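Quick notes on the structure that follows.
Side chains are part of it too, since the values below use all heavy atoms of this structure and drop only hydrogens, waters and symmetry mates. Quick note on labels: first sequence line is chain A, next is B, and so on, each numbered from 1. In this text, all values refer to a predicted model and were calculated from it rather than measured experimentally.
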2 protein chains.
Amino acid sequence: MLRGHDDSVVSAVFSPNGSRIVTASDDKTARIWDAATAKEIAMLRGHDGYVRSAVFGPDRSRIVTASDDKTARIWAAETATEIAMLRGHEKVLWSAAFSPDGTRIVTASGDKTARIWDAATATEVAVLHRHSDSVVSAAFSPDGTRIVTASWDKTARIWDVATGKEITVLRGGEGRFGVRRV
Amino acid sequence: MLRGHDDSVVSAVFSPNGSRIVTASDDKTARIWDAATAKEIAMLRGHDGYVRSAVFGPDRSRIVTASDDKTARIWAAETATEIAMLRGHEKVLWSAAFSPDGTRIVTASGDKTARIWDAATATEVAVLHRHSDSVVSAAFSPDGTRIVTASWDKTARIWDVATGKEITVLRGGEGRFGVRRV
(Lines give C-alpha, C1' and ligand atoms only; values in the text may rest on other atoms or scores of the structure.)
Protein backbone atom coordinates (compact mmCIF):
# COMPACT_ATOMS: atom_id res chain seq x y z
CA MET A 1 0.00 0.00 0.00
CA LEU A 2 1.65 3.16 -1.19
CA ARG A 3 0.08 5.97 0.67
CA GLY A 4 2.93 7.75 2.33
CA HIS A 5 4.63 7.48 5.67
CA ASP A 6 2.54 6.80 8.75
CA ASP A 7 4.93 8.44 11.19
CA SER A 8 7.71 11.04 11.39
CA VAL A 9 10.03 11.28 8.40
CA VAL A 10 13.53 11.66 9.83
CA SER A 11 15.67 11.80 6.70
CA ALA A 12 15.24 12.54 2.99
CA VAL A 13 18.00 12.60 0.39
CA PHE A 14 18.31 12.65 -3.38
CA SER A 15 19.90 9.86 -5.42
CA PRO A 16 23.27 10.71 -6.99
CA ASN A 17 21.65 11.74 -10.29
CA GLY A 18 18.77 13.59 -8.63
CA SER A 19 15.98 11.50 -10.14
CA ARG A 20 14.95 9.71 -6.95
CA ILE A 21 14.51 10.53 -3.29
CA VAL A 22 14.70 8.05 -0.43
CA THR A 23 13.02 8.82 2.88
CA ALA A 24 13.45 7.13 6.28
CA SER A 25 10.68 7.05 8.84
CA ASP A 26 9.69 6.07 12.35
CA ASP A 27 6.97 3.97 10.65
CA LYS A 28 9.65 1.26 10.16
CA THR A 29 9.86 1.80 6.40
CA ALA A 30 11.97 3.67 3.91
CA ARG A 31 10.34 4.82 0.69
CA ILE A 32 11.56 5.64 -2.78
CA TRP A 33 9.99 8.55 -4.62
CA ASP A 34 10.24 9.88 -8.14
CA ALA A 35 11.73 13.34 -7.65
CA ALA A 36 10.04 14.74 -10.77
CA THR A 37 6.49 13.44 -10.26
CA ALA A 38 6.51 13.00 -6.46
CA LYS A 39 5.01 9.55 -6.95
CA GLU A 40 5.85 6.98 -4.31
CA ILE A 41 7.63 4.30 -6.30
CA ALA A 42 8.20 1.72 -3.62
CA MET A 43 8.11 0.99 0.08
CA LEU A 44 11.11 -0.73 1.66
CA ARG A 45 9.48 -2.87 4.29
CA GLY A 46 11.16 -5.35 6.61
CA HIS A 47 12.69 -3.43 9.49
CA ASP A 48 11.18 -4.06 12.89
CA GLY A 49 11.95 -0.65 14.37
CA TYR A 50 12.44 3.01 13.49
CA VAL A 51 14.45 3.53 10.32
CA ARG A 52 17.08 6.09 11.33
CA SER A 53 18.74 6.67 7.98
CA ALA A 54 18.42 5.67 4.33
CA VAL A 55 20.92 6.59 1.64
CA PHE A 56 21.74 5.59 -1.92
CA GLY A 57 25.00 3.98 -2.91
CA PRO A 58 27.25 5.80 -5.36
CA ASP A 59 25.82 3.90 -8.34
CA ARG A 60 22.21 4.58 -7.20
CA SER A 61 21.28 0.91 -7.71
CA ARG A 62 21.36 0.19 -4.01
CA ILE A 63 20.08 1.76 -0.81
CA VAL A 64 21.26 1.02 2.72
CA THR A 65 18.99 1.60 5.71
CA ALA A 66 19.83 1.66 9.44
CA SER A 67 17.26 0.80 12.07
CA ASP A 68 16.46 0.55 15.75
CA ASP A 69 15.97 -3.18 15.11
CA LYS A 70 19.78 -3.62 15.36
CA THR A 71 20.18 -4.30 11.64
CA ALA A 72 21.12 -2.47 8.50
CA ARG A 73 19.65 -3.67 5.24
CA ILE A 74 20.69 -3.38 1.62
CA TRP A 75 17.94 -2.92 -0.94
CA ALA A 76 17.84 -3.03 -4.72
CA ALA A 77 16.58 0.43 -5.63
CA GLU A 78 14.94 -0.68 -8.88
CA THR A 79 12.95 -3.60 -7.50
CA ALA A 80 12.65 -2.40 -3.89
CA THR A 81 13.62 -5.86 -2.71
CA GLU A 82 15.80 -6.57 0.30
CA ILE A 83 19.15 -7.90 -0.90
CA ALA A 84 20.77 -8.52 2.45
CA MET A 85 20.51 -7.96 6.18
CA LEU A 86 23.60 -6.76 8.07
CA ARG A 87 23.27 -8.47 11.42
CA GLY A 88 25.72 -8.25 14.30
CA HIS A 89 25.14 -5.04 16.21
CA GLU A 90 23.75 -5.53 19.69
CA LYS A 91 21.86 -2.27 19.96
CA VAL A 92 20.15 0.31 17.75
CA LEU A 93 21.84 1.61 14.62
CA TRP A 94 22.14 5.35 14.17
CA SER A 95 23.46 5.47 10.62
CA ALA A 96 24.76 3.46 7.70
CA ALA A 97 26.65 4.65 4.63
CA PHE A 98 28.34 3.25 1.54
CA SER A 99 32.01 3.84 0.84
CA PRO A 100 32.68 6.14 -2.14
CA ASP A 101 33.33 3.12 -4.40
CA GLY A 102 30.29 1.23 -3.11
CA THR A 103 32.20 -1.85 -1.96
CA ARG A 104 31.94 -1.24 1.78
CA ILE A 105 29.30 -0.09 4.24
CA VAL A 106 29.93 1.45 7.66
CA THR A 107 27.33 1.34 10.42
CA ALA A 108 27.22 3.25 13.74
CA SER A 109 25.49 1.77 16.76
CA GLY A 110 24.41 2.26 20.33
CA ASP A 111 26.40 -0.87 21.15
CA LYS A 112 29.53 1.38 21.22
CA THR A 113 30.87 -0.01 17.96
CA ALA A 114 30.95 0.91 14.33
CA ARG A 115 31.22 -1.96 11.87
CA ILE A 116 32.53 -2.33 8.34
CA TRP A 117 30.68 -4.66 6.00
CA ASP A 118 31.38 -6.06 2.57
CA ALA A 119 28.56 -4.58 0.50
CA ALA A 120 28.59 -7.44 -2.01
CA THR A 121 28.59 -10.38 0.40
CA ALA A 122 26.93 -8.62 3.38
CA THR A 123 29.57 -10.07 5.69
CA GLU A 124 31.05 -8.21 8.64
CA VAL A 125 34.61 -7.19 7.79
CA ALA A 126 35.60 -5.43 11.02
CA VAL A 127 34.23 -4.33 14.37
CA LEU A 128 35.52 -0.89 15.40
CA HIS A 129 35.38 -1.21 19.16
CA ARG A 130 37.34 1.43 21.07
CA HIS A 131 34.55 3.83 21.94
CA SER A 132 33.15 3.68 25.46
CA ASP A 133 29.67 4.97 24.60
CA SER A 134 27.20 5.10 21.71
CA VAL A 135 28.68 5.69 18.25
CA VAL A 136 26.23 8.10 16.63
CA SER A 137 27.83 8.76 13.27
CA ALA A 138 30.38 7.16 10.99
CA ALA A 139 31.61 8.59 7.70
CA PHE A 140 34.14 7.54 5.07
CA SER A 141 36.96 9.79 3.90
CA PRO A 142 36.58 10.97 0.29
CA ASP A 143 39.15 8.40 -0.89
CA GLY A 144 37.48 5.60 1.06
CA THR A 145 40.58 4.56 3.00
CA ARG A 146 39.52 5.91 6.38
CA ILE A 147 36.44 6.22 8.55
CA VAL A 148 35.74 8.83 11.21
CA THR A 149 33.34 8.00 14.03
CA ALA A 150 31.62 10.33 16.52
CA SER A 151 30.63 9.15 19.97
CA TRP A 152 28.87 10.18 23.12
CA ASP A 153 32.16 9.26 24.85
CA LYS A 154 33.34 12.79 23.88
CA THR A 155 35.78 11.57 21.24
CA ALA A 156 35.93 11.05 17.52
CA ARG A 157 38.19 8.32 16.15
CA ILE A 158 39.83 7.64 12.79
CA TRP A 159 40.01 4.07 11.52
CA ASP A 160 41.84 2.33 8.72
CA VAL A 161 39.29 0.71 6.41
CA ALA A 162 41.67 -1.95 5.10
CA THR A 163 42.66 -3.29 8.53
CA GLY A 164 39.79 -2.15 10.74
CA LYS A 165 42.33 -0.79 13.20
CA GLU A 166 42.10 2.54 15.01
CA ILE A 167 44.56 5.06 13.60
CA THR A 168 44.00 7.75 16.19
CA VAL A 169 41.61 9.30 18.64
CA LEU A 170 40.56 12.94 18.39
CA ARG A 171 40.48 14.14 21.93
CA GLY A 172 42.63 17.20 21.90
CA GLY A 173 46.14 18.01 22.96
CA GLU A 174 48.49 20.68 21.77
CA GLY A 175 47.11 22.38 18.72
CA ARG A 176 48.18 25.25 16.55
CA PHE A 177 48.21 27.62 19.50
CA GLY A 178 50.34 25.39 21.70
CA VAL A 179 48.05 25.43 24.70
CA ARG A 180 49.11 22.94 27.33
CA ARG A 181 46.73 20.21 28.27
CA VAL A 182 45.23 21.00 31.70
CA MET B 1 42.21 25.76 25.21
CA LEU B 2 42.49 22.90 22.81
CA ARG B 3 41.93 19.78 24.78
CA GLY B 4 39.11 18.04 23.05
CA HIS B 5 35.36 18.03 23.43
CA ASP B 6 33.84 18.23 26.87
CA ASP B 7 30.60 16.47 25.97
CA SER B 8 29.13 14.05 23.44
CA VAL B 9 30.41 14.28 19.88
CA VAL B 10 27.37 13.97 17.63
CA SER B 11 28.86 14.29 14.16
CA ALA B 12 32.26 13.96 12.50
CA VAL B 13 32.98 14.37 8.79
CA PHE B 14 36.00 14.76 6.53
CA SER B 15 36.70 17.84 4.43
CA PRO B 16 36.26 17.37 0.66
CA ASN B 17 39.98 16.61 0.18
CA GLY B 18 40.23 14.42 3.28
CA SER B 19 42.87 16.50 5.06
CA ARG B 20 40.63 17.85 7.80
CA ILE B 21 37.82 16.63 10.03
CA VAL B 22 35.16 18.76 11.65
CA THR B 23 33.31 17.53 14.72
CA ALA B 24 30.11 18.84 16.33
CA SER B 25 29.42 18.47 20.02
CA ASP B 26 26.96 18.99 22.81
CA ASP B 27 29.70 21.09 24.46
CA LYS B 28 28.52 24.00 22.24
CA THR B 29 31.60 23.90 20.02
CA ALA B 30 32.68 22.44 16.73
CA ARG B 31 36.34 21.58 16.28
CA ILE B 32 38.66 21.23 13.32
CA TRP B 33 41.24 18.45 13.35
CA ASP B 34 44.16 17.52 11.14
CA ALA B 35 43.16 14.13 9.76
CA ALA B 36 46.78 12.99 9.40
CA THR B 37 48.17 14.00 12.80
CA ALA B 38 44.93 14.02 14.84
CA LYS B 39 45.91 17.39 16.24
CA GLU B 40 43.10 19.71 17.19
CA ILE B 41 43.65 22.70 14.94
CA ALA B 42 40.92 24.99 16.15
CA MET B 43 37.82 25.30 18.26
CA LEU B 44 34.77 27.01 16.76
CA ARG B 45 33.30 28.74 19.75
CA GLY B 46 30.29 31.05 19.84
CA HIS B 47 27.16 28.92 19.85
CA ASP B 48 25.07 29.06 22.99
CA GLY B 49 23.62 25.56 22.73
CA TYR B 50 24.32 22.07 21.45
CA VAL B 51 25.96 22.01 18.02
CA ARG B 52 23.86 19.53 16.05
CA SER B 53 25.83 19.43 12.83
CA ALA B 54 29.01 20.82 11.29
CA VAL B 55 30.00 20.36 7.66
CA PHE B 56 32.49 21.79 5.20
CA GLY B 57 31.48 23.69 2.11
CA PRO B 58 32.46 22.31 -1.28
CA ASP B 59 35.62 24.42 -1.43
CA ARG B 60 36.62 23.42 2.14
CA SER B 61 37.34 27.06 3.06
CA ARG B 62 34.12 27.37 5.02
CA ILE B 63 32.21 25.38 7.61
CA VAL B 64 28.56 25.77 8.56
CA THR B 65 27.28 24.74 11.98
CA ALA B 66 23.70 24.32 13.23
CA SER B 67 22.81 24.72 16.87
CA ASP B 68 20.13 24.50 19.51
CA ASP B 69 20.70 28.23 20.01
CA LYS B 70 18.42 28.87 16.96
CA THR B 71 21.30 30.00 14.77
CA ALA B 72 23.56 28.59 12.12
CA ARG B 73 27.02 30.06 11.77
CA ILE B 74 29.52 30.24 8.94
CA TRP B 75 33.18 29.90 9.87
CA ALA B 76 36.42 30.42 7.97
CA ALA B 77 38.06 27.01 8.17
CA GLU B 78 41.60 28.38 7.98
CA THR B 79 41.34 30.99 10.69
CA ALA B 80 38.52 29.39 12.71
CA THR B 81 36.80 32.75 12.90
CA GLU B 82 33.06 33.25 12.72
CA ILE B 83 32.20 34.91 9.41
CA ALA B 84 28.46 35.24 9.88
CA MET B 85 25.50 34.26 12.00
CA LEU B 86 22.32 33.05 10.28
CA ARG B 87 19.57 34.35 12.50
CA GLY B 88 15.85 33.96 11.92
CA HIS B 89 14.75 30.53 13.07
CA GLU B 90 12.54 30.55 16.12
CA LYS B 91 13.53 27.16 17.49
CA VAL B 92 16.46 24.75 17.49
CA LEU B 93 18.27 23.91 14.27
CA TRP B 94 18.72 20.27 13.36
CA SER B 95 21.00 20.61 10.36
CA ALA B 96 22.66 23.02 7.96
CA ALA B 97 24.29 22.29 4.61
CA PHE B 98 25.91 24.13 1.72
CA SER B 99 24.58 23.85 -1.81
CA PRO B 100 26.87 21.94 -4.20
CA ASP B 101 28.25 25.23 -5.60
CA GLY B 102 28.65 26.77 -2.15
CA THR B 103 26.47 29.82 -2.82
CA ARG B 104 23.51 28.78 -0.69
CA ILE B 105 22.92 27.21 2.71
CA VAL B 106 19.79 25.35 3.80
CA THR B 107 18.85 24.98 7.46
CA ALA B 108 16.23 22.71 9.09
CA SER B 109 14.52 23.75 12.31
CA GLY B 110 12.12 22.78 15.04
CA ASP B 111 10.17 25.93 14.14
CA LYS B 112 8.58 23.88 11.29
CA THR B 113 10.51 25.71 8.59
CA ALA B 114 13.60 25.20 6.52
CA ARG B 115 15.34 28.33 5.31
CA ILE B 116 17.59 29.17 2.39
CA TRP B 117 20.42 31.62 2.98
CA ASP B 118 22.84 33.43 0.72
CA ALA B 119 26.17 32.03 1.85
CA ALA B 120 28.10 35.15 0.81
CA THR B 121 25.89 37.81 2.41
CA ALA B 122 24.39 35.63 5.19
CA THR B 123 20.93 36.96 4.34
CA GLU B 124 17.77 34.88 4.42
CA VAL B 125 16.65 34.18 0.87
CA ALA B 126 13.51 32.13 1.55
CA VAL B 127 11.48 30.60 4.36
CA LEU B 128 10.13 27.15 3.43
CA HIS B 129 7.01 27.04 5.55
CA ARG B 130 4.53 24.33 4.61
CA HIS B 131 5.43 21.69 7.17
CA SER B 132 3.20 21.34 10.22
CA ASP B 133 5.88 19.94 12.54
CA SER B 134 9.64 19.99 13.09
CA VAL B 135 11.81 19.88 9.96
CA VAL B 136 14.62 17.53 10.90
CA SER B 137 16.64 17.33 7.72
CA ALA B 138 17.10 19.34 4.54
CA ALA B 139 19.29 18.36 1.61
CA PHE B 140 20.10 19.85 -1.79
CA SER B 141 19.72 17.92 -5.03
CA PRO B 142 23.04 17.13 -6.74
CA ASP B 143 22.49 19.97 -9.25
CA GLY B 144 21.57 22.41 -6.49
CA THR B 145 18.22 23.42 -7.98
CA ARG B 146 16.01 21.65 -5.46
CA ILE B 147 15.86 20.93 -1.74
CA VAL B 148 14.15 17.99 -0.05
CA THR B 149 13.01 18.35 3.56
CA ALA B 150 11.97 15.66 6.06
CA SER B 151 9.51 16.39 8.84
CA TRP B 152 7.87 14.90 11.85
CA ASP B 153 4.59 15.82 10.10
CA LYS B 154 5.01 12.50 8.21
CA THR B 155 5.83 14.16 4.90
CA ALA B 156 8.86 15.09 2.86
CA ARG B 157 8.66 18.09 0.55
CA ILE B 158 10.55 19.24 -2.53
CA TRP B 159 11.32 22.94 -2.95
CA ASP B 160 12.60 25.08 -5.78
CA VAL B 161 15.80 26.78 -4.66
CA ALA B 162 15.47 29.72 -7.07
CA THR B 163 11.97 30.73 -5.96
CA GLY B 164 11.71 29.16 -2.50
CA LYS B 165 8.37 27.70 -3.51
CA GLU B 166 7.16 24.21 -2.71
CA ILE B 167 7.20 22.00 -5.80
CA THR B 168 5.48 19.01 -4.27
CA VAL B 169 4.78 17.05 -1.13
CA LEU B 170 5.77 13.39 -0.78
CA ARG B 171 2.92 11.82 1.03
CA GLY B 172 1.98 8.92 -1.11
CA GLY B 173 -0.80 8.23 -3.52
CA GLU B 174 -0.89 5.92 -6.48
CA GLY B 175 2.54 4.51 -7.16
CA ARG B 176 3.92 1.99 -9.55
CA PHE B 177 1.56 -0.67 -8.26
CA GLY B 178 -1.57 1.42 -8.56
CA VAL B 179 -2.84 0.85 -5.05
CA ARG B 180 -5.77 3.06 -4.27
CA ARG B 181 -5.45 5.49 -1.43
CA VAL B 182 -7.45 4.25 1.55
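Under a hydrophobic clustering in which Ile, Leu, Val, Met, Phe, Trp and Tyr are joined whenever their side-chain heavy atoms come within less than 4.5 Å, directly or via other members, B/Phe98 and B/Ile83 fall into the same cluster. A/Trp33 and B/Trp159 are members of different hydrophobic clusters when ILVMFWY side chains are connected at heavy-atom separations under 4.5 Å. Both A/Val55 and A/Trp75 belong to a single network of hydrophobic side chains, linked directly or stepwise wherever heavy atoms of I, L, V, M, F, W or Y lie under 4.5 Å apart. Follow the hydrophobic side-chain contacts under 4.5 Å out from B/Val22 and you reach B/Ile105 in the same cluster. By the criterion of side-chain heavy atoms lying less than 4.5 angstrom apart, applied directly or through intervening Ile, Leu, Val, Met, Phe, Trp or Tyr residues, A/Val9 is not grouped with A/Tyr50; the two fall into different hydrophobic clusters.
In terms of heavy-atom pairs under 4.5 angstrom with chain A, the leader among B/Asn17, B/Thr23, B/Ile21, B/Asp34 is B/Ile21. Here B/Ser141 is the residue among B/Ser11, B/Ser141, B/Gly18, B/Ala139 with the most heavy-atom pairs under 4.5 Å with chain A. Contacts with chain A were tallied for B/Asp26, B/Thr37, B/Val148, B/Asp6; B/Val148 has the most, counting heavy-atom pairs under 4.5 Å. Considering only heavy-atom pairs separated by less than 4.5 Å from chain B, the leading option among A/Ala35, A/Ala24, A/Ser25 is A/Ala35.
Contact record, A/Ala12 with B/Ser137: N-OG, 3.5 Å, taken as the closest heavy-atom pair. Smallest separation of non-hydrogen atoms from B/Thr168 and A/Ala38: OG1-CB, 3.0 Å.
For A/Ser15, the part lying near chain B is the backbone, with the side chain staying farther off; criterion is any non-hydrogen pair under 4.5 Å. Proximity to chain B (any heavy atom under 4.5 Å) is restricted, for A/Thr149, to the backbone atoms N, CA, C and O. In this structure, the portion of A/Thr155 lying under 4.5 Å from any heavy atom of chain B is its backbone and not its side chain. Using a 4.5 Å cut-off between heavy atoms, A/Ile167 does not touch chain B at all.
A distance of 16.0 Å separates CH2 in A/Trp152 from NE2 in B/His5, rounded to the nearest 0.5 Å.
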